[in-house]
Amino acid sequence: MTREQYILATQQNNLRTENAQFYPVGIYGWRKRCLYFFVLLLLVTMIVNLAMTIWILKVMNFTVDGMGNLRITKKGVRLEGVSEFLLPLYVKEIHSRKDSPVVFQSDRNITLNARNENGQLTGQMTVGADAVEAQCKRFEVKSHEDERILFMADEEEIVIGADRLRVTGTEGSIFEHSVETPHIRAGPSQDLRLESPTRSLTMEAPKGVHISAVAGEFKASCRKELQLQSTDGEIFLNADNIRLGNLPHGSYSSSTPNAVGPRQTVYELCICPNGKLYLSPAGASSTCQLNSNICLWS
């Protein structure tokens with residue numbers, strides 16, 4: 001570029017700068033007022049949010065350890081006071097303080113479920129208004145001291161391991177099938193009664209059946225026959241007095257049939273070939289006759 005061209009170009013630029021218009025930079029008018037209004041509104045909103053956050057923290061009692069009655073400890077979560085759960089609660093262990101019990105309340109029922117690793121239901125216990133139901137393979141009740149089984153029930157049997165089973169109902173206890181027990185005893189000043197209204201009553205033991213009434217009497221009554229049978233041993237009756245009431249009286253022909261003597265008060269106990277007992281008037285010798293009418297009718 002030549003010198004004349006440079007001078008000419010410089011003069012033209014100076015002319016353009018002198019003729020250019022200057023415009024103000026910034027926000028003016030209603031735009032500026034709207035911006036200030038939104039900034040003020042944002043500031044008020046922040047102050048209200050901060051105040052609400054502080055109020056919620058104070059009302060809910062948020063601390064470093066937890067919230068309100070809920071405390072987070074190293075062993076788990078500690079909850080004090082009355083709590084309400086609207087959804088299912090999944091926990092590993094629930095226990096109360098040493099000086100207070102655990103109380104579960106529900107408007108309908110309380111259901112406890114146990115599941116295996118596959119999520120299948122293995123045990124369930126429901127406490128309702130009408131009944132308490134437990135569904136599991138085996139139900140056990142153990143003692144606190146030695147963890148001895150007091151009650152156990154499964155599909156095959158029911159075991160009662162307590163030292164004493166007491167039935168206080170006025171109608172007693174009804175068993176539809178057999179009962180196995182080493183001892184049956186009534187309460188103090190009460191009678192013991194074993195009854196089968198429509199069927200037979202059987203008591204069996206490999207080493208013997210012992211029936212004892214220490215301070216009272218023992219009665220066995222039936223409508224038909226009462227049988228005492230011993231296959232290999234004997235039947236032993238040991239008492240100061242043995243009485244057999246309502247035995248039939250046999251008859252025999254006397255040498256003086258028309259003789260009238262004193263009233264007969266002594267009888268002889270006789271037995272028929274089939275084992276039936278009867279009484280015969282005692283005489284100077286045995287008066288038992290095999291052809292007695294008692295033996296013929298029996």
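These values consider heavy atoms only, across backbone and side chains, with no hydrogens, waters or symmetry-generated copies. Predicted, not measured: the structure shown is a model, and the values here were computed from it.
In this structure, OH in Y36 is found 14.5 Å from CZ in R31, a value given to the nearest 0.5 Å. Here F37 contributes atom CZ and C34 contributes atom SG; the two are 8.5 Å apart, rounded to the nearest 0.5 Å. Note that the CG atom of L269 and the CG atom of L279 stand 6.5 Å from one another [nearest 0.5 Å]. Taking CE of M152 as the reference point, atom CD1 of I160 lies at 11.0 Å (rounded to 0.5 Å).
The residue from V48, L43, N49 that alone fulfils the side chain to side chain contact (heavy atoms under 4.5 Å, CB included) condition with T45 is N49.
Within 6.0 Å of the CZ atom in F151, the count of heavy atoms belonging to other residues, nucleotides or ligands exceeds 12. In E147, the CD atom is not crowded: 12 or fewer heavy atoms of neighbouring residues, nucleotides or ligands sit closer than 6.0 Å. Within a 6.0 Å radius of CG in N118, more than 12 heavy atoms belonging to other residues, nucleotides or ligands are found.
Taking the side chain as every heavy atom from C-beta outward, V141 and I149 never approach each other to under 4.5 Å. Side-chain atoms of Y267 and S280, non-hydrogen and from C-beta on, never get closer than 4.5 Å to each other. The closest side-chain heavy-atom distance from V127 to V132 is below 4.5 Å.
Pairing each heavy atom of L244 with each of L277, the nearest pair is CD1-CD1, 3.7 Å. The two residues I242 and A239 make their nearest non-hydrogen contact at CG1-CB, 4.3 Å.
Counting Ile, Leu, Val, Met, Phe, Trp and Tyr side chains that sit under 4.5 Å apart, directly or through other members, M46 shares a hydrophobic cluster with L42.
Put simply, L121 and M125 are part of two different groups of oily side chains (I, L, V, M, F, W, Y) that touch within less than 4.5 Å, one to the next. Linking Ile, Leu, Val, Met, Phe, Trp and Tyr whenever their side-chain heavy atoms come within less than 4.5 Å puts W55 and L57 in one cluster.
For N274 (side chain) and K276 (main-chain N/O), a donor-acceptor pair under 3.5 Å exists by modelled atom type.
Under the salt bridge (charged side-chain N to carboxylate O under 4.0 Å, His left out) criterion, K32 pairs with no residue, sequence neighbours left out.
Judged as a side chain to side chain donor-acceptor pair (under 3.5 Å), the pairs with a partner in residues 126-139 (not counting sequence neighbours) are, in order, R138-E140.
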